[in-house]
J.: 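Attaching a single structure in C-alpha cells format; questions to follow.
Whatever order the structure lists ligands and atoms in, that order sets their numbers, starting from 1. Residue numbers run from 1 in the order of the sequence given.
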Amino acid sequence: MRTSDLGTFLQSALDQLDNPLAYLFAEGQRIHWLYLLVAGLVAVVVYAKTAPGKTSLRSFVRLAFPRSVYLSRSTFIDCGYFLVHRVLFSILCLPVLALLAPAIAEATGRTLGAGLPALEATVPSSPLWIGLFTVVAILVADFAGFLAHYLLHRFPVLWEFHKVHHSAQAMTPITVYRMHPVDDIGVVLLSGTGLAITLAVFQFVTIGEVGIVSVGATNIFAVLFNLFGANLRHTHLWFGYGPRLSQILVSPAMHQIHHSQKPHQHHSNMGFMFSFWDRLFGTQTIPREREEIVFGLDQGEDADYSSVLRLFWLPFAKIFRMKSGLRVLSGGLIGVALLALSVSSVVLIASSDSTPDLVALEMATE
Ligand SMILES: [Zn+2]
Ligand SMILES: [Zn+2]
C-alpha cells in the first residue's frame, strides 16, 4: 500500500476545506463565476420586469439578495454542508467513476465484438458524427439523472435521503450541493453506466477517435444549460421559459415548483435539463403564471434538518424508525454500501500511481 499517495489524497481533501472558493473558478461547476454572472444579469431582467415604480440599485439588491434568504439558518447550513459534501462526494464516488464505468465500457465493447462483429469500425469519424455523439451523450446523461431523481422520489427509503435536498427552506445557488451522498451516488451510478455504454457503442462502430463538442472539458450543452440561468433555479427569483420552451427545457421556475412544500408539486418536474422526460412519466408541471412558492418539506418536517451533521445521519435515523422491516433492512444495506465504497476508495487510491484530482472528479459528473 502506497501510504504517500493516500496521504497526498487526504491532504488534497483537506485542502478543499481550506479553499472553498475553488469552485468559483473550476470549469464545468454550476457556481463558476461566469455562470453566476449570467444569473445576475438574468436577475436584473427579472427585476426590471417586476419592480414596481422607480428602479434603483438598492431595491434591486433588496429583491435579489434579501437578508431573509442570504442570512437565514438554511443558507448557513448549506454553506457548512457544501465544504464537507465536496470531500465526501469525491471519496464515495471515486470507485464508481474510476472502476465501475471503465469495466462497463469494456464489457460492452466485448459483447458487441462477439455479437455484432460486422458493425465494428464501419463509420468514419467526422464533425457530424461527433455532433451526434455529443447530443446522444447529453440525452443519455440527462435521462439517467432524471431516472435516478424519479426513483429517489418514488421509493420511501430513497426519498428519506433525497429529502435532504428538499429540506432547504431558503434557496441560493449553493443549495445545489445540499445532496446526501446516497443521492449523489445514485445519479453517478446511473449516468456513469449510461455514458460508459454510449461511449463504448460509439467507439466500437467508429473508425478513428470519438469525442464530444465541448468548451474546455465540458459538454457544450452543459455549458449552454448553465448559461440559460441554471443558477436561478435555486433562488427565489421567478424566471420561466414560457409554455412552449418549457415543454422541452426545465426552467428555473419549474425547479422552484419542484422545491415547493406541497407534495403534489415537489413530486413533479424531476428533470435536470430536459423536461420531456417528465412529460413521458406524467410528472411535468408547467406554470401558467407566477406562483408564490414556500420552499421545504410539508408539515414542518424541514425543521428537523437543523445542522450539517443532521443532514448526513437523519435519513438513516428516519429509516430505522420505519415500521417496515424491509425498509429498515434496505437502510442498513445502504449504510454498509457507503462503508464499502469508502474502503474501496482508500484501496483504490493507495494502489494507484497517481492521486485523483477532487475537483476534476466532481466535474466528471456534471
Ligand atoms: Zn433543487
Ligand atoms: Zn427532488
J.: With rounding to 10 degrees, what does the angle H255:NE2 / the Zn ion (ligand 1) / H234:NE2 come to?
T.: 100°
J.: Using distance alone, with no hydrogens and no angle criterion, decide if D302 and S167 have a side-chain donor and acceptor under 3.5 Å apart.
T.: no
J.: Once rounded to 10 degrees, what value does the angle at the Zn ion (ligand 1) take between NE2 (H165) and NE2 (H259)?
T.: 100°
J.: Decide if atom CZ of F320 counts as having more than 12 heavy atoms of other residues, nucleotides or ligands within a radius under 6.0 Å.
T.: yes
J.: Taking 2.8 Å as the cut-off, does an N/O/S atom of H162 lie below it from the Zn ion (ligand 2)?
T.: yes
J.: Are H153 and H166, when compared by the centres of their aromatic rings, separated by less than 6.0 Å?
T.: yes
J.: Count the heavy atoms belonging to other residues, nucleotides or ligands that lie under 6.0 Å from CZ of R154, then report whether that count exceeds 12.
T.: yes
J.: Just checking: H166, one of its N/O/S atoms, less than 2.8 Å away from the Zn ion (ligand 2), yes or no?
T.: yes
J.: Taking the six-membered ring for Trp, are the ring centroids of F143 and F274 within less than 6.0 Å of each other?
T.: no
J.: Quick check: does H266 have an N/O/S atom under 2.8 Å of the Zn ion (ligand 2)?
T.: no
J.: Kindly report the NE2-the Zn ion (ligand 2)-NE2 angle for H149 and H153 respectively, rounded to 10°.
T.: 90°
J.: Under 2.8 Å from the Zn ion (ligand 1), is there any N, O or S atom belonging to H258?
T.: no
J.: When the aromatic ring centroids of H258 and H149 are compared, is their separation below 6.0 Å?
T.: yes
